[in-house]
Amino acid sequence: MTQVAESIRTNVPTETFDAIVVGGGHNGLVCAAYLAKAGRKVLVLERRHVLGGAAVSEQVFPGFTFSVCSYVVSLFRPHIIRELELTKHGYEIIPLDATFSPLPDGRSLLRSGDPGQTRREIAAFSPKDAEVYPEFGLAMTKMGRFVKDIIDSPAPDPASFDPKQLFQLLRLGRGFKELDSDSKRLNTKLLTMSAVDFLDMWFESEILKGPMSASGIIGTFLGVRSPGTAYVLLHHYMGEIDGAFRSWGLSKGGTGQVSLSAARAAKSWGARIFTEAAVQRILVKNGSATGVVLEDGRELRAETVISACDPRLTFIGMVGEEYLDDEFVQQVKRYKYRGSSGKVNLAVDRLPEFSSRPGDGPHIRGDITIAPDISYMERAYDQAKYGDFSERPFLNVVIPSLVDPSVAPPGKHVVSIFVQYAPYQIKEGPQYWPKRRDAFGDAVVDTLAQYCPTLKDSILHRQVLTPWDLEQEFGLTEGNIFQGELSLEQLFFLRPAAGWARYRTPIQNLWMCGSGTHPGGGIMGSPGELAAKTLLKSGSI
Amino acid sequence: MPIPTPFHPRTFKLCTSLKWKDWAGYYSVASFDTSHESEYFAFRHAAGLMDFTPLFKYEVYGPDAAEFLSYVLTKDIRRLQPGNVAYCCWCDDFGKVIDDGTVVRLEEDYFRVTAAEPMYSWFTRHQQGFENVHIEDSTRKYAVLAIQGPTSRDILKQSSDVNLDSLEYFRIARGKLDGVDVVISRTGYTGDLGYEVWVENHHALSVWDALVSLGRPYGIEPAGLDALDVARVEAGFIMNDVDYFSAHHCLIESRKSTPYELGLGWTVDIEREPFVGQRALQAELRDGPKLALVGLEYAWEEYEELCARHALPAQAPSHAWRTPVPLYDGSGRHIGRATSGSWSPILKKALALGTVDSRYKELGTRIKIEATVEYQRHKVTATVVPRPFYNPERKKS
């Protein structure tokens, strides 16, 4: 396919634009595509040389394409795929069916789409859990139906007097009321409990609870026993609930293809997209955004500016405190990032082999979770609390080249390893991270090699991303992969700030559309979509 | 991937059609031949031999076993005599059916429960308060062969030392079959004369071999799920996940059923010490169930007439169906659904099992069932008739 983005070094946009989108991540591009489809002249500016933000594919080493940061797609909303015709533009998801959890003692558990087999696998550890597992799935499906409504519409503000918002609140309230009493109780528990306490209500075996609890802490600086983490568990489970839509999977060509498909859609409707176009400042005049200033000093004007960057970068970094009320500035500053995860990408010369299940098979074609038990998860958190990365971290591993041969040379593979905990605030200070990067990478490889003894010999190349790298290279404040923790006090009408959860900002004509807005992070597309739709509806563009 | 049952080495060779299904995680033959008809007729005219191993099986034993089972099941199991089998169901706290199956009282303090779905977790959850009861999942310990049909008794007589003439319907006996310890129960899912043979896994193949070789003169034939499906509709037996849904799987209340709605009221002993779901069932009994499971017989001539309009002969499908179709009253109001059905090769009738608004449950009531002819939807008259549709005297004699 032809080049989607132009470099600002060789081309200069001279026409006038209705909107400038700052940041060419998947949300910025989805937002741009919706606006362009509605007939608006849109300009997208991306600081890096590639599009995608954290949903990016890059050939870091020749022949090997890494999904550098975000690596699986679970929550991407199916209606966005339809409305933006993304399939036509290269969007393709290869379903991930199985979850494999090896233990250090040589035993392992494989949960797959085959209910009979999954039951037998779990029964080897606990006959009760084997049968409760589908019941848990059913309960989560019920919860998910309620939450889905929340995800697919802008967050109503309970302090608002806007009748439309009140009506929306009422509708959500009615949705809650219509849940049966069991589900109501469960929903309340889900919103308040820790992931472990919540799972304890169902399961007894550690090999289930370990990996399942991990979903409750991804992207947060919390432990699996911290209250509130049960909700995050549901947030991640949503991808599985949408199983019928097969939205849980690997993006062919890496997660960058999701962003690129949105970019191509935007371009097909006339948007212009520039890379290497770092925005230094958002221009504000009389309390209203009028355009942006690039790092090279050039000014670009538009009626509306939409930031896909996180709130701190947007308001403190690009707008400037002097243009904002102190109250708002305080809210933006208090909004928590606390990046807690890193990423290690490997290029290997042979298929990783697990000692608990040697050879190829369905177990390595899904996601592989290193979270043997709850104490392991808690110990990993303990180290992070006091400013170290976990020596034995939680790992979530996928080998995309097994199902998508386009990302590695024949016979060779890429191994994507998500790692938690790697706290942004290490005790020496975050800027010290580059000096610890190799030690961190070693800890991750050592951990995985415990289960996969031939791993070390097979490594051709290694890319290690610490939270510091995520901040410096990808513009994610404090290295938070979701543009702000997915904790309850930062969700829904509180994301990113009370009173400003509907994509507008205190600066007139400046809007937000990144994961730092409702409904949050993950390759979901919803913030971009909902921001565009809200903006179009407002009539101000 | 499903796993093989202990009979797999034999069934695998015989299944020349390569038609398999996944039954509760096991490889199970749909039909050995490309058509299941000869297997169905073996059930009705000779004997069909079928691998029933995938049934979930639980051993429940100890001095409190009868008390415990009476608490979790709808039937008062304390009254079940040793050597007897009972069919029943069990419900959640709200009286909604979770599953149905049989209970065998092997000894005074020793029971075996069969279920369509895994129930270990649910049973053990209710164990509290019953100190002397043990529950063991024996699903993977015992292999089960159903031998069903008019010559089944003769075949078993040839091969085992059990006195089959005195073995009554829904009774069990222990004995030897080809020198192997077995339990034989006079039960089945075909509504015909028939037995089920229970054997420990490692003896499974010798029991199979003995029955096949001694049964040959009596027309024994291995049979699969497709033939069983036709036979069980004729017998009027309901099936979990087809004619009703387990309360454990339902996302919405309206999908759940009570025993009374399923025509299983006769398995409920309502007036006794508390059992799971009792209070809800008492309330339902007071108000009367709103739905009823009925047997339906198509007005075949009407269907023929519809076909004739398109110059088509009315063809009876050879397979049983289980894709629900709506039911209506005479004025076209929706009153329920037919959940499964079949052409009965022996009765020459089109049959269905359905759930209707209980005002339409009386025998002889004429309702309408949806039928599609040449891509067009029509409504054909169906009459509420007694179940079982087919009930040969030999079943119990």
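To find a chain, count down the sequence lines: A is the first, B the second, and so on, and within it residues start at 1.
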(message) Before you tell me yes or no, could you show the steps for F7(B) and F12(B) under ring-ring contact (aromatic ring centres under 6.0 Å, His included), namely the whole-Å CA-CA distance, both residues' side-chain angles and the distance that decides it to 0.1 Å?
(response) CA-CA 8 Å; F7(B) 300 111; F12(B) 182 69; over 10 Å; no
(message) Please check: side-chain N/O of S213(A) versus main-chain N/O of V196(A), any donor-acceptor pairing under 3.5 Å?
(response) no
(message) Is any side-chain heavy atom of I368(A) closer than 4.5 Å to one of N396(A)?
(response) no
(request) Could you tell me which residues satisfy salt bridge (charged side-chain N to carboxylate O under 4.0 Å, His left out) with R107(A), sequence neighbours excluded, listed by chain and number? (result) D105(A)
(message) Report which part of I3(B) has an atom under 4.5 Å of a heavy atom belonging to chain A: side chain, backbone, both, or neither.
(response) both
(message) Would you say that F354(A) contacts S108(A) through its side chain, given a criterion of any heavy-atom pair below 4.5 Å between the two side chains?
(response) no
(request) Taking the side chain as every heavy atom from C-beta outward, state whether L250(A) and I93(A) have any atom pair closer than 4.5 Å. (result) no
(message) Counting heavy-atom pairs closer than 4.5 Å to chain A, which one of P118(B), G25(B), C250(B) comes out on top?
(response) P118(B)
(request) Determine, for K209(A) against D373(A), whether the closest basic-nitrogen to carboxylate-oxygen distance falls under 4.0 angstrom. (result) no
Between chain A and chain B, are any donor-acceptor pairs under 3.5 Å, and how far apart is each one to 0.1 Å?
| residue | atom | partner | partner atom | Å |
| --- | --- | --- | --- | --- |
| D114(A) | OD2 | M1(B) | N | 2.2 |
| Q117(A) | OE1 | M1(B) | N | 3.2 |
| R119(A) | NH2 | A24(B) | O | 3.3 |
| R120(A) | NH1 | G25(B) | O | 2.9 |
| R120(A) | NH2 | M1(B) | O | 2.8 |
| E131(A) | OE1 | M119(B) | N | 3.3 |
| E131(A) | OE1 | Y120(B) | N | 2.7 |
| E131(A) | OE1 | S121(B) | N | 2.7 |
| E131(A) | OE2 | Y120(B) | N | 3.1 |
| E135(A) | OE1 | R125(B) | NH2 | 3.3 |
| E135(A) | OE2 | R125(B) | NH2 | 3.0 |

